Amino acid sequence: MIKNNNNKIFYIYLFILTLWCLPFLLYQDFYRDDYTRLVTGYAGWENAGRPLATLLYHFLSMDFGIIHNLYPLPLFLSVFILAYTFHSLHKHIKKTYDIKDYILLPSILLIVCNPLYIQNLAYQYDILPMCIALSLSIFAFIKCNYKKADFLWSVFLIFIALNLYQPVINVFITFCIINMCFPFIKSRINKNIIYIQTLSSIFAVVLYYLLVFILSPIKPLRSAKISLNEITEHFIHNINNLSSIMNSFYLGTITLIIISVLFYIFWVYYSWKNDNKILSVILPFVLFIFIWGPLLILKEEMTFPRTYLTIGILFGLLFLFLSFAYKYLFTISYVFLSFSYFILISFCYTQNQQFMFEKNLIGITLNKISEQKELYSTLMIFSYGGMPESPNIKTLKSYLPYLNMIQKPSYRWEARFKMAILGYNYTNSMYTYTIADNSSEWDKICKDGLDDVFSLKIKTDYSDVFYDKNKKYTSIWFRNKNSSVCDNKPLNFDAE
């Protein structure tokens, strides 16, 4: 599979990626949707237009009824797959460009070793389909050429990748755009390869749309599309979302503009020797559009860092440009990798601290409930309100605002699953897993007033416990310290 003379580069990628992912083995919490899959065994990816992700986990679980938590196997498999993929891309680029390995290596690693990809690696379930999809999109690019068999393979790989994680289509297109001005194989004619790569992506997307959105009996959620008169406003909103993410690194709008202009100047300068000067001038703007790509037509905005898969590629290319300009500037890429690793470690630390804080908070609340027989012997125990943030991590997050984008206290639905995972299942009681809080109960607490039937029984620093004498149920409302349940009106939805 890997030639002996290339083993060294492969093992370097494998070692660095293993070191990169090691902190995820050390923190004790699950991440977001991991909770629902762990408790219910229901994959649910088919509802998001990712049916092969569901099929993959049922196959690995050897159970087509429910899926099982196989962690850390998905992490190990992801690291190996990414290492092999990056090694293949490394060889593909080296066929054409005489770039030193120590310069090329960090630029390729930045595809995943950047702060925006931390979310993707944090999921214990989702990490594997996301990483496989990313790898397939890269191999689709490597394979895409004039041979009919390779062209069909490219279409097939993109189609499979889309069924695993849709945003990876932008990775394929980004590499194709870069290849138009910086061909990875010298014998290629840019004009013809443009047609072939464009056809590959179009065929794959159309095939995916027909099978998943038209012919499939399960209609994906979050698939509503914008109308023509919403295009400009929607695009501006997505730009603002990306700007908010980048500004959380203290970059600021002016710095982002400077980086973008610098990238554009380098792009035009190094691609100007190609025959088609128009492409050199225009393609950077096209590249910018494909930060979002086909996902721009969806009403749901790209607000989460995990969906911006091409940012790492663009930073890697920028660092290559800098090293071409002055060879010692390649060290900037290693500084950026180190900074990204610090953010990753900080994320794992804050995630673990938040988990321990919430575990303690849940334990204190339920222990107090267990001291009152009428509360813990009720038919149902409900949980509402969002978890407060651990005081131990507020200082660190104030210095690294980006952490607020990817690490947050448990949403209300997460808190319910977390209570079940921690083993707090009292006799004759159950937890509800609905997303929304009970608005009518909130009105009773905050507007109508309490009475002998519905009353406050327990008050802790971070929660209030109420009891309904007629309906025989106990409800826990979590809140911030020194605040009231009434400070935050219930929302219908608070999930990512």
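Fair warning: this is a prediction, and the values are worked out from it, not measured in the lab.
- With Y31 as reference, Q119 is the one residue of Q124, Q407, Q119, Q351 to meet the side chain to side chain donor-acceptor pair (under 3.5 Å) rule.
- In this structure, a donor-acceptor pair under 3.5 Å is present between the side chains of Y13 and H90.
- Here the two rings, on W153 and F156, have centers that are under 6.0 Å apart.
- Here F330 and F324 keep their ring centres 6.0 angstrom or further from each other.
- In the model, S154 has no side-chain atom that pairs as donor or acceptor with a side-chain atom of K143 under 3.5 Å.
- K94 meets the salt bridge (charged side-chain N to carboxylate O under 4.0 Å, His left out) test with D101; sequence neighbours excluded.
- The aromatic rings of Y462 and F357 sit perpendicular to each other, their planes meeting at more than 60°, with 30° as the lower class boundary.
- When all heavy atoms of Y341 and L19 are compared, the pair lying nearest together is OH-O, 2.8 Å.
- Between N241 and H237, the side chains place no donor N or O within less than 3.5 Å of an acceptor N or O (distance only, hydrogens not considered).
- Formation of a donor-acceptor pair under 3.5 Å by the S243 side chain with backbone atoms of I239 is not found in this model.
- Applying the salt bridge (charged side-chain N to carboxylate O under 4.0 Å, His left out) criterion to R50, with sequence neighbours excluded, gives D126.
- Rounding to the nearest 0.5 angstrom, the gap separating the OG atom in S78 from the CG atom in L121 is 8.0 Å.
- Remark: side-chain polar atoms of N114 are paired, donor with acceptor, to backbone N or O of L110 under 3.5 angstrom.
- Using modelled atom types, one finds a donor on one side chain and an acceptor on the other under 3.5 Å when comparing W292 with Y308.
- No side-chain donor from either of R32 and Y411 sits under 3.5 Å from a side-chain acceptor of the other.
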Requested in this report: Report the C-alpha separation of Y402 and I245 in whole Å, then their side-chain angles, then the decisive distance to 0.1 Å, and conclude whether the side-chain contact (heavy atoms from CB on, under 4.5 Å) test is met.
Outcome: CA-CA 7 Å; Y402 176 68; I245 294 173; 4.0 Å; yes
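- Taking CD from Q354 and OG1 from T350, the interatomic distance works out to 8.5 Å, rounded to the nearest 0.5 Å.
- A donor atom on one side chain and an acceptor atom on the other are found under 3.5 Å apart for N47 and Y42.
- Side-chain contact, N170 with T174: no donor N or O sits under 3.5 Å from an acceptor N or O.
- N480 is linked by a side chain to side chain donor-acceptor pair (under 3.5 Å) to nothing, counting only residues two or more places apart in sequence or in another chain.
- Counting heavy-atom neighbours within 6.0 Å of F266 CZ, excluding the residue itself, gives a total above 12.
- Not a single salt bridge (charged side-chain N to carboxylate O under 4.0 Å, His left out) links E46 to another residue, sequence neighbours left out.
- Below 30°, between 30° and 60°, or above 60°: for Y35 and F30 the angle between ring planes is above 60°, a perpendicular geometry.
- You'll find the ring centres of Y125 and Y123 outside the 6.0 Å limit.
- Among Y334, W20, F86, the single residue meeting the side chain to side chain contact (heavy atoms under 4.5 Å, CB included) criterion with L109 is F86.
- Checked by atom type and distance alone, the side chain of W267 pairs as donor or acceptor with a backbone atom of S280 at under 3.5 Å.
- For Y117, there are no ring-ring contact (aromatic ring centres under 6.0 Å, His included) partners two or more places apart in sequence or in a different chain.
- Across K481, K397, K408, a single residue satisfies salt bridge (charged side-chain N to carboxylate O under 4.0 Å, His left out) together with E389, and that is K397.
- Side-chain contact, Q353 with S390: no donor N or O sits under 3.5 Å from an acceptor N or O.
- The 12-atom threshold is not exceeded at CZ of F342, counting heavy atoms of other residues, nucleotides or ligands nearer than 6.0 Å.
- Remark: F315 engages F336 in a ring-ring contact (aromatic ring centres under 6.0 Å, His included) (not counting sequence neighbours).
- Considering every non-hydrogen atom in both S244 and M405, the closest pair reads O-CE, 3.3 Å.
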